[in-house]
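The structure appears below as structure tokens.
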Amino acid sequence: MITHGPDDAEVIERARRDPAAFSVLFDRHAPALHRYVLRRLGDSLADDVVAETFLTAFRRLGRYDTAHRDARPWLHGIAANLIGRHRRAELRAYLALARTGVDEVAESYADRVEARVSASALHRELAEALAVLSPGDREVLLLVAWADLSYEEVARALGIPIGTVRSRLHRARRKTRAALGGSDPSAVQEEARRG
Amino acid sequence: MDDLKLLGELRADAPEPSADRLDALRPRAPRRRHVRFVPPLLLVAAAAGVAVVVVGGVGTPVPDLPTTARPVVTAGIRPMNAEVVLRRAARVAERGAPVPAPRDDQWVYWKLLVQNGDDPAPIAEEYWMRFDGTAQSFRRAQGGMEHLAIEPEPGDDQLTPREFAAEFAELPTDPARLLDHVKNDPVWKADGEHEDARAFRVFSVFLYQEVPLPPKLRGAMFRALAEIPGVRVDAGVRDAAGRTGIGVAFEGDVPGSGVRRDLNGQVTTRSYLIFDDTTYEFLGRREERFKNEILGTILVRAGTEFVSAVVATGVVDEPGQIPG
């Protein structure tokens, strides 16, 4: 039985000498990363971005800091750059969702027959908020909300100080809550806890 | 109303991809140009995946496989005195003739034989790399020529042949200074890697480029290799063309060496650079795995994982031409 596989840092050390080991990293992280990219950019771009992310990771194996046992932040950092190249497509989908209630990203992966479910008013407001956030703020917000990275992991992924992660997230959430038409003190407390 | 929770519900029905779809996205090579940290053809090994057996998800029992599914080839291999052999190699290398630099619009040709894991026989691979690094052509076995235009990409790890030639021309030819340089050049730094392992890795990369090392630098490299603790030399190591030569491998017993050992301290893999035992020309590489090993969800079987042989090199004017 396999209970304890090597951690990512061990796999990367190995892959520097023995590229077959890179498959382990791919098998471990590609499914969730693909889902994350799919959620941001839709079905037609997800394959390219994920393939390019892992190819880039492969090329940069030598630079990975093996003090970090989990490679997810590193991979998300590479993916964030690639996702950024499709910013206009990403924004267009948020804006369309906000205006029409039709989410072209969700439709891209859903079975078309049963798609076309109009989004809730809250989701439309949320999409509007996502569209108007600055790219840096949106990146932090979605890495926390959709990729489940901790503040420290987001900092590592984006190569920014953890204080900047906090301030970006704070700003992003404030704007999001404003768009949703209210503020909730409990949310702010929760934010303090997570850090 | 929790904004994060609400955000978490947006597009929450996004599925994970099917295994087939994902499989098509695995890094495959050669796509663009050679990877700085890993010889290009090892990438083919990764893509072909022949040396690994997928055993399913975490928690799946490992099927019983014979431990000697692929015999480890150690017959005829004899340990040598590394210092003596490498010093002799240095003296021979230093007497070599200098190699003229190609023009930017010429192509560096490289023909290799490559045998991965369970391949029944070596496969020929031919590369034509434009000296300025802007294009590459490639042919595998009897297949058609593939042509790739190469866009320079910031942050890419790879140098063009021209850049490698420039670097080779500038590297110190004093062995101690050369060793110090490759240990500390930030370009080659990989976190967590011991400097001895890095030095050996960087020399391996230099040798696996289309651009030959100038004679003085080759000599310095052999002398520097002799100074790295844990470098071993074996005679009788065979390349993919069936030629035997001396095998040079790094097995430093230091943290961050990248050398895998079992609980008894025995190495579990060995990666040779093979040189002709008279001319000390670089012949190829050989990777042996002495024990079955589980990496995450894959079982990697003991045996010869990879063998290559550089069988022709040269400079031509057009891709597709073979040096005469």
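Proteins get letters first, then strands, A, B, ... in listed order; numbering begins at 1 in each.
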Minimum heavy-atom distance B:R21-A:D47, with the two atoms named: NE-OD1, 2.8 Å
Could you tell me which non-hydrogen atom of A:R39 sits nearest to which non-hydrogen atom of B:A12, and how far apart they are? NH2-CA, 3.7 Å
Tell me the salt bridge (charged side-chain N to carboxylate O under 4.0 Å, His left out) pairs involving residues 138-147 of chain A, sequence neighbours left out? A:R40-A:E139
With rounding to the nearest 0.5 Å, note down the distance linking CZ in A:R35 to CZ in B:R11. 12.0 Å
Nearest 0.5 angstrom please: B:L10 CG to A:L97 CG, how far? 6.5 Å
Count the heavy atoms of every other residue, nucleotide or ligand shown that sit under 6.0 Å from CZ of A:R69, and state whether that count exceeds 12. yes
Does any non-hydrogen side-chain atom of A:L38 lie less than 4.5 Å from one of B:P15? yes
Least distance between heavy atoms, A:S23 atom then B:R26 atom: OG-NH1, 3.0 Å
Select one option (side chain, backbone, both, neither) describing which atoms of A:L130 are under 4.5 Å from chain B's heavy atoms. side chain
With a 4.5 angstrom heavy-atom cut-off, is it the side chain or the backbone of A:F26 that approaches chain B, or both, or neither? side chain
Pick one of side chain, backbone, both or neither for A:D48, based on which atoms fall under 4.5 Å of a heavy atom in chain B. neither
Are A:H34 and B:L25 packed together at the side-chain level, in the sense that at least one heavy-atom pair is separated by less than 4.5 angstrom? yes
Apply salt bridge (charged side-chain N to carboxylate O under 4.0 Å, His left out) to B:D3 and A:R174, showing your working. CA-CA 9 Å; B:D3 51 306; A:R174 190 158 40 79; over 6 Å; no
Tell me, please, which residues at least two apart from B:D13 pass side chain to side chain donor-acceptor pair (under 3.5 Å). A:Y109
Minimum heavy-atom separation for B:P17 to A:P31, with atom names? CD-O, 3.6 Å
Residue A:E128 excluded, over 12 heavy atoms near CD under 6.0 Å: no
How long is the gap from OG on A:S120 to CG on B:L6, to the nearest 0.5 Å? 6.5 Å
What part of A:A32 is in contact with chain B, defined as an atom under 4.5 angstrom from a non-hydrogen atom: side chain, backbone, both or neither? both
What is the minimum heavy-atom distance between A:V144 and B:L4, and which atoms define it? CG1-CD1, 4.4 Å
Drop me the distance from A:L142's CG to B:L7's CG, to the nearest 0.5 angstrom. 6.0 Å
